[in-house]
Amino acid sequence: MKIAVVGTGYVGLVTGTCFAETGNHVTCIDIDEKKVEKLKNKIIPIYEPGLEVLFDRNIKQGRLDFTTNLKEGIKGAKIIFLALPTPPGEDGSADLSYILGVAEDLGPLLDQYTVIVDKSTVPVGTADKVTAKIAENAKVEFSVVSNPEFLREGVAVEDFMKPDRVVIGTSSTKAQKIMEELYAPLVRQGNPIITMDEKSAELTKYAANSFLATKITFMNEIANMCELVGADVDMVRKGVGTDSRIGKRFLFAGIGYGGSCFPKDVQALAKSAKEVNYNFEILNAVMAKNKEQKTKLIDRLKDHYGSDLKGKTVAVWGLAFKPYTDDIREAPALVNIKALLEAGVKIKTYDPEAMDNVKELLGDSITFCKDEYDAAEDADALLIMTEWPVFRTPDFDKIKSTLKDNVIFDGRNLYNTETMAELGITYYSIGRAIVK
């Protein structure tokens, strides 16, 4: 099947590459000439484990190509995916200008029946708006489908190739059949293709991400209470997570969620609710509490050293919002670094993948190091922001010999408190007893 994917960001590139892997011919389209030139030269602009192998193979076998020309890119395509940015506007609502702009351009270019798929995360009613824009100048029949993605950065290729479920929002039997044919190779093990109306599909994505963000925030609130009453959040997590009604995932306490999806989607759903005069109180609370949680360890630093941190040097391990990605959007590390810089603290940092992205943002205001031990050298304290595997089992003797003070502020609860006590390390974590 011939497919076109408009947009070569995170979702578009993974979508295009994975559909090429199932035997389709995919053309990815982007207006960014430099990005397209890099892609043609087999340079992937994002870090995603497993993507490079599929990307190289499908380019080599002629199933995956790239262009900046919309007319050329969609020629002969049976399905056109719109994988375009929907950044939050000043009021928190999703900005649909990119999607609606392309929809308007598509209208006069369609020369056969085509399924147009909203792959981006969009508010309820977007399919209707896209349909109206295309219809202004379209001369052939077409259908607009909502097909939200449920990809987790770091395991996106696996999520795409082995989806828990595929959600297809359409009122067209013809479009439904085409979409089911496209996804058939990915659901051979029986994972469901769930067909529903367009508005329900659009709301499903926001509901899923907002629920997960709420689950994370709830456990962070439990962690905060654990600290006040002397309980251990890890024990509570195990006791709660083994309840099959709740499940084990998204129950780890920490310094809040970040990334490209949860913050934006929670905000957008709350704004959509407001537009229909509904006060989504739980989501407003989630956003407020997550903002507070991100800088929780700054207060711990001030308690430990006194309110004046000026002149201190802090090693920061981890910059990405989560491991296995170079994505720094809404990353708690950046919020903490900003607060520390404002307090006159010097920052030395290391991240396995995200340092180049942070360099573009912060320049030489912080020091980027060759590895985690280099970052800890002559630092007063260590601040852990991202749970990269390389940080899980470090050489603690080396850390103790390089840090000025044997103190770790752990925003991801990587270490056992008893082990830290045995090692003689002062250890602050989330929802657990302080080790001094």
Side-chain angles (χ1 to χ4, degrees), residues 1-46 48-85 98-99 102-103 105-106 109-120 130 142-151 153 156-163 166-168 170 175 177-188 193:
M1 193 182 299
K2 176 68 168 64
I3 298 170
V5 179
V6 184
T8 60
Y10 187 88
V11 173
L13 194 55
V14 171
T15 296
T17 303
C18 289
F19 275 135
E21 179 69 9
T22 58
N24 301 289
H25 182 275
V26 181
T27 298
C28 293
I29 306 157
D30 202 293
I31 60 171
D32 188 331
E33 294 181 1
K34 290 183 179 179
K35 181 189 282 190
V36 170
E37 192 61 31
K38 285 183 178 180
L39 290 167
K40 286 181 176 180
N41 291 319
K42 298 184 179 180
I43 300 172
I44 302 177
I46 60 171
E48 179 59 40
L51 181 61
E52 186 174 356
V53 173
L54 304 189
F55 181 84
D56 289 344
R57 176 162 62 227
N58 284 283
I59 289 179
K60 184 178 180 180
Q61 295 179 354
R63 290 193 298 266
L64 182 63
D65 53 48
F66 306 91
T67 183
T68 57
N69 190 307
L70 183 62
K71 184 177 181 180
E72 174 189 306
I74 68 168
K75 187 175 181 180
K78 200 169 186 178
I79 305 174
I80 301 172
F81 283 88
L82 304 183
L84 295 153
Y98 296 102
I99 289 177
V102 171
D105 292 340
L106 281 175
L109 300 178
L110 300 179
D111 58 8
Q112 63 176 356
Y113 174 76
T114 310
V115 178
I116 315 296
V117 182
D118 286 336
K119 196 64 176 171
S120 307
V130 171
F142 66 92
S143 297
V144 174
V145 170
S146 177
N147 174 220
E149 53 85 15
F150 299 97
L151 305 179
E153 292 189 43
V157 172
E158 182 179 353
D159 283 349
F160 198 101
M161 301 302 286
K162 298 177 181 179
V166 175
V167 172
I168 296 172
T170 181
K177 185 177 179 181
I178 292 172
M179 293 296 291
E180 288 175 348
E181 178 186 349
L182 175 67
Y183 275 105
L186 305 179
V187 294
R188 293 184 50 148
I193 294 178

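One is the number of the first residue; the rest follow in order along the sequence.
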Listed partners of [X] passing side chain to side chain contact (heavy atoms under 4.5 Å, CB included), at least two apart:
| X | answer |
| --- | --- |
| Ser143 | Tyr113, Ser172, Ala175 |
| Val53 | Arg57 |
| Leu109 | Leu70, Lys71, Ile74 |
| Pro185 | Thr22 |

**Rounded distance [0.5 Å steps], OG in Ser146 versus CE in Met179** =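 The distance works out to 9.0 Å.
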**Request:** Kindly compute the distance separating CD1 (Ile178) from CE (Met1), expressed to the nearest 0.5 Å.
**Result:**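 Here the interatomic distance stands at 7.0 Å.
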**Message:** For a 4.5 angstrom cut-off between non-hydrogen side-chain atoms, does Pro45 reach Leu39?
**Reply:**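 A side-chain contact under 4.5 Å exists here.
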Enumerate, atom names and distances included, each donor-acceptor pair closer than 3.5 Å involving a side-chain atom of residues 4-15, sequence neighbours excluded.
residue: Thr8; atom: OG1; partner: Asp30; partner atom: OD2; Å: 2.8
residue: Tyr10; atom: OH; partner: Glu48; partner atom: OE1; Å: 2.5
residue: Thr15; atom: OG1; partner: Val11; partner atom: O; Å: 2.7

**Request:** Please identify each residue that fulfils ring-ring contact (aromatic ring centres under 6.0 Å, His included) with Phe142, with sequence neighbours left out.
**Result:**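 None.
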**Prompt:** What residues form a ring-ring contact (aromatic ring centres under 6.0 Å, His included) with Phe150, not counting sequence neighbours?
**Reply:**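 Listed in chain order: nothing, the list is empty.
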**Prompt:** Are more than 12 heavy atoms from other residues, nucleotides or ligands located less than 6.0 Å from atom CD1 of Ile31?
**Reply:**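 Result for CD1/Ile31: open.
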**Message:** Atom CD of residue position Gln61 - does it have more than 12 heavy atoms of other residues, nucleotides or ligands inside 6.0 Å?
**Reply:**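 Above 12, so yes.
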Partner set under side-chain hydrogen bond (donor to acceptor under 3.5 Å, both in side chains) for [X], not counting sequence neighbours:
| X | value |
| --- | --- |
| Glu180 | Gln176 |
| Lys119 | Asn147, Tyr183 |
| Glu158 | none |
| Asp65 | His25, Thr27 |

Where do [X] and [Y] come nearest, in terms of heavy atoms and distance?
| X | Y | value |
| --- | --- | --- |
| Gly73 | Lys2 | O-NZ, 3.1 Å |
| Phe160 | Leu186 | O-CD1, 3.6 Å |
| Thr17 | Phe55 | CG2-N, 3.5 Å |
| Ala103 | Val130 | CB-CG1, 3.9 Å |

Could you tell me whether a side-chain N or O of [X] sits under 3.5 Å from a main-chain N or O of [Y], the two making a donor and an acceptor?
| X | Y | value |
| --- | --- | --- |
| Asn58 | Leu64 | no |
| Thr114 | Gln112 | yes |
| Ser120 | Leu84 | yes |

**Prompt:** Tell me the side chain to side chain donor-acceptor pair (under 3.5 Å) pairs involving residues 31-42, sequence neighbours left out?
**Reply:**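 Every candidate side chain to side chain donor-acceptor pair (under 3.5 Å) pair involving residues 31-42 fails, so no pair, neighbours aside, qualifies.
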**Item:** Test applied, side chain to side chain contact (heavy atoms under 4.5 Å, CB included); reference residue, Ile116; option that passes from Ile80, Val102, Ile79, Val145
**Value:**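 When side chain to side chain contact (heavy atoms under 4.5 Å, CB included) is applied between Ile116 and each of Ile80, Val102, Ile79, Val145, only Ile80 qualifies.
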